[in-house]
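First the structure, in the form of structure tokens, and then the observations on it.
All residue numbers in this chain count up from 1 along the given sequence. Read the numbers this way: they start at 1 and go in the same order the structure lists the ligands and their atoms.
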Amino acid sequence: MLRSQEIREAVVALRAGDVIGFPTETVYGLGADAENEDGLRRIFEIKGRPAWHPLIVHLPDASELDAWARDASPIARALANAFWPGPLTLVVRRGARIPLAATGGLETVGLRVPSHPIALALLRELDGAIAAPSANRFGGLSPTTADAVRAELGAAVRIVLDGGPCAVGVESTIVDVTDAPAILRPGGVPLAAIEAVVGGAVPLGVGGPVRSPGQLESHYAPRAHVVVSATDRVAEGIDAARARGLRVGVLTVAGIDVPEGVTVERLPDDDAGRARGLYAALRRLDDVSDVVVAALPGGGALDWAVDDRLARAAAPRTPDGDPRSDARVRGS
Ligand code: TXA
Ligand code: MG
């Protein structure tokens, strides 16, 4: 089918209150027309996500900020102009067009303009906004390929647009700009780039009530138990897991000697490459391992997002944060 025809079909589905899988430059999204309450309800149903979790609303162009936000600050505008289209989500005051069902009842909304050509074509054809979380079940790994979306959501989603593997590979950076800017989630735009536009340090918004489920400790978790390790302690991690009869996978950038039966996934030796390859590598390891020992170098601009996701994957599972946690990995 022609791409333009595929896009038109997807827009017909969105208008009818259906949901679709679609590519963005960060990860694949599970999208609904942001102004269609039926579509929004479907997202929460399919993801198994609590209705109080706010969704990110995707716009076709930075010039639409004021159509969907109320009283955007000069800093919000500066960040939108600098990074849209791109992997940045701005939390702003909710404009009247955004239903409360999209924001989990909050008076704020996360907005972003994605840069993937298919996402932009969809948004232009819809002539509206698309609310979309990552296209995984709640608490799981974000999909970075169309196949991963189908594996996560199966028959529940009829249309999945295939835009190839995501170029960024980790989710958008979320900056709350309703007040003094604060980072709610490290992501595809590096901290230094944000601070350069803001003109000063931007703190990580921690403490107080959870403002973003991205802040839940055990979010972004594979089924396997993840252990973050120094490179020179990988062997120790492998031995400890194997002593308990567990299958081990290793996530690393270096060539590494491992005992027979241990699966190794190598990521590229640059931070953008690590971010791009992270979720697909974790998915592959998840299929064959009970424990994943992750030893990555860090230090690059996008490693803040990679390290954040690995730390969350390694965090203790809570029933709220990860419904898929089970005794097998939790007990270990
Ligand atoms: O890269 C991305 O951001 C991807 C692609 C599909 O755009 N989307 C994504 O959505 O990661 P999701 O739903 O998996 O994560 C969105 C995060 C959640 O942690 C949510 O709580 C937070 O954004 N968020 C959305 N609106 C918010 C708001 N008003 N206040 C605080 N956090 C908000
Ligand atoms: Mg997500």
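- With a heavy-atom cut-off of 4.0 Å, T108 touches ligand 1 through backbone and side chain alike.
- No hydrogens or angles considered: a donor-acceptor pair under 3.5 Å links the side chains of T26 and R112.
- Distances from ligand 1 to the non-hydrogen atoms of H58 include at least one value under 4.0 Å.
- Below 3.5 Å of separation, one finds no N or O of T24 facing any N or O of ligand 1.
- When distances to the Mg ion (ligand 2) are checked against a cut-off of 2.8 Å, S142 contributes no N, O or S atom below that limit.
- Taking only nitrogen or oxygen atoms, main chain and side chain alike, Y28 does not reach within less than 3.5 Å of ligand 1.
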- Message: Please determine whether salt bridge (charged side-chain N to carboxylate O under 4.0 Å, His left out) holds for the pair D33 and R15, giving the CA-CA distance in whole Å, both sets of side-chain angles, and the decisive distance to 0.1 Å.
- Response: CA-CA 7 Å; D33 177 345; R15 292 216 170 99; 5.8 Å; no

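- Side-chain atoms of S142 and R309 include no donor-acceptor pair closer than 3.5 Å.
- Contact check for P50 versus F138: side-chain heavy atoms found under the 4.5 Å cut-off.
- V157 belongs to a hydrophobic cluster with V19, Y28, L30, L40, I43, F44, I46, L55, V149, L153, V160, counting contacts under 4.5 Å between side-chain heavy atoms of Ile, Leu, Val, Met, Phe, Trp and Tyr, direct or through other members.
- Side-chain atoms of S134 and E171 form no donor-acceptor pair, as typed in the model, at a separation below 3.5 Å.
- Here atom 4 (C) of ligand 1 lies nearest to V27 when heavy atoms of D176, V109, V27 are compared.
- For ligand 1, the polar-atom distance check against R185 finds a nitrogen or oxygen pair separated by under 3.5 Å.
- For the pair T103 and ligand 1, no heavy-atom separation below 4.0 Å is found.
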